[in-house]
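Here the structure comes first, spelled out in structure tokens, and everything after it is commentary.
Quick note on labels: first sequence line is chain A, next is B, and so on, each numbered from 1.
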There are 2 protein chains.
Amino acid sequence: MLDDFDLALLDQVQRDDSRTAEQLAESVPLSPSAIARRMRRLRHEGWIARTVALLSPKLTDKRLRALVLVQLGEHADRAGKDALLRRLHTSPEVQFVYEISGTYDLLALLSCEHMDAFVEEAERLFATDATVRRYETSFVKRELKFAPFVRLSGS
Amino acid sequence: MLDDFDLALLDQVQRDDSRTAEQLAESVPLSPSAIARRMRRLRHEGWIARTVALLSPKLTDKRLRALVLVQLGEHADRAGKDALLRRLHTSPEVQFVYEISGTYDLLALLSCEHMDAFVEEAERLFATDATVRRYETSFVKRELKFAPFVRLSGS
DNA sequence: AGTGAAACTCTGGCACC
DNA sequence: GGTGCCAGAGTTTCACT
């Protein structure tokens, strides 16, 4: 489905999507028109979920970020868990949620305006729900790296 | 420095940067030329760090992701910690690193091709370093949400 | 896949409020 | 100040070879 050219293109645009087809042709040995064709296909076939602008830390660092590890109840019912996940999914403060192995079942990262907002949102999301056995919060002191990319080219 | 129009524009493009100035004018009550001017200024002044393409889970879910909580030594020296952070920063498998409060000092998310690659990379990053007191790994079973956006408009 | 022309978008000038 | 409008440059799109 994807050849090496496609992987090379995806590898480029996942790091910088601001380049033109002509500029991409400097990195990938294809003509600009072929690049454009492939990029259109990659988008249409859903290999690229979306293109986003990552904001400067000048904007994001001012906010309070909290890492919440959630342990679910031992026999949490399906409906309660679904409701919890739906709350997490619709909350604009929740940036990531991972289902993980180990003592805790979920990891969520919240980005809030200030501490009061976090406490309120955490209570709404977790405390009032019988599905959640307990949750533990660590606050983010600094973001040291943010590079949500995967190595595709040459693999 | 940033007025409500700028914040509205940033709020839009952090979620979808594929739209033209004319399309953005449907959401932000400005003319396309004013939109384009402001977007150019926002980029030039560094409010937008970069624009990236987020790849489909079809591509990223195949990989093994691991969440590593790292506890540093009680009196880890500056040089050792800097070397650790440099290794984390340059490793292509490391996607995020947060300095956090609580029992553990760092949280890192690794995305590896398979388990062998993870073990090898984790040893290289953490095990051989006296700066690291201990580290604990949880594996990601599922990514339930990924939306690294902050609410800007109307705040 | 590569080459061309048409359509579209962005960039620079200007007058206007 | 910044906004809106219009002409030129640049980019993407869609024929065809």
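Here Asp61(B) does not pair with Lys141(B) in a salt bridge; the nearest charged N to carboxylate O distance is not below 4.0 Å. Salt-bridge annotation for Glu136(B) and Arg134(B): present, with a side-chain N of the basic residue lying under 4.0 Å from a carboxylate O of the acidic one. For the pair Lys145(B) and Glu99(A), the salt-bridge criterion is not met [side-chain N within less than 4.0 Å of a carboxylate O]. In summary, Asp82(B) and Arg78(B) engage in a salt bridge, as defined by a charged side-chain N under 4.0 Å from a carboxylate O. Between Arg50(B) and Asp16(A) there is no salt bridge, since none of the side-chain N atoms of the basic residue sits less than 4.0 Å from a carboxylate O of the acidic one.
As rounded to whole Å, 13 Å separates atom C1' of dT12(D) from atom CE of Met39(A). Separating the CG atom of Asp4(B) from the P atom of dT3(D) is a distance of 12 Å, rounded to the nearest angstrom. With rounding to whole Å, Asp17(A) atom CG is found 15 Å from dT11(D) atom P. dT3(D) atom C1' lies 14 Å from atom CG of Leu9(B), rounded to whole Å. Summarising the geometry, the separation between CD1 on Ile35(B) and P on dT3(D) is reported as 9 Å, rounded to the nearest angstrom. Rounded to an integer number of Å, the gap from His44(A) NE2 to dC14(D) C1' is 16 Å. Distance, Arg43(A) CZ to dT12(D) P: 10 Å, rounded to whole Å. Phe5(A) places its CZ atom 8 Å from the P atom of dA1(C), with the value rounded to the nearest Å.
The aromatic rings of Phe126(B) and Tyr135(B) sit tilted, their planes meeting at an angle between 30° and 60°.
Which of dA1(C), dG2(D), dG4(D) sits closest to the side chain of Ala34(B) comes down to dG4(D).
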Watson-Crick and G-U pairing of DNA chain C written in dot-bracket, each distance under 3.5 angstrom, with | for inter-strand partners: ||||||||||||||||.
Pick out the pairs of N or O atoms, protein on one side and nucleotides 8-12 of chain C on the other, that lie under 3.5 Å.
| from | atom 1 | to | atom 2 | distance (Å) |
| --- | --- | --- | --- | --- |
| dC10(C) | OP2 | Ala21(B) | N | 3.3 |
| dT11(C) | OP2 | Arg40(B) | NH1 | 2.6 |
| dT11(C) | O5' | Arg40(B) | NH1 | 3.2 |

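Contact annotation for Arg41(B): no contact, since no heavy-atom pair falls under 4.0 Å across all strands.
Counting heavy atoms from C-beta outward, Ser33(B) and Arg37(B) have side chains that approach closer than 4.5 Å.
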Full working for salt bridge (Lys or Arg N to Asp or Glu O under 4.0 Å) between Arg151(A) and Glu93(B): CA-CA 8 Å; Arg151(A) 186 127 205 74; Glu93(B) 340 249 14; over 6 Å; no
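With no hydrogens or angles considered, no side-chain donor-acceptor pair links Thr103(A) and Gln71(A) at under 3.5 Å.
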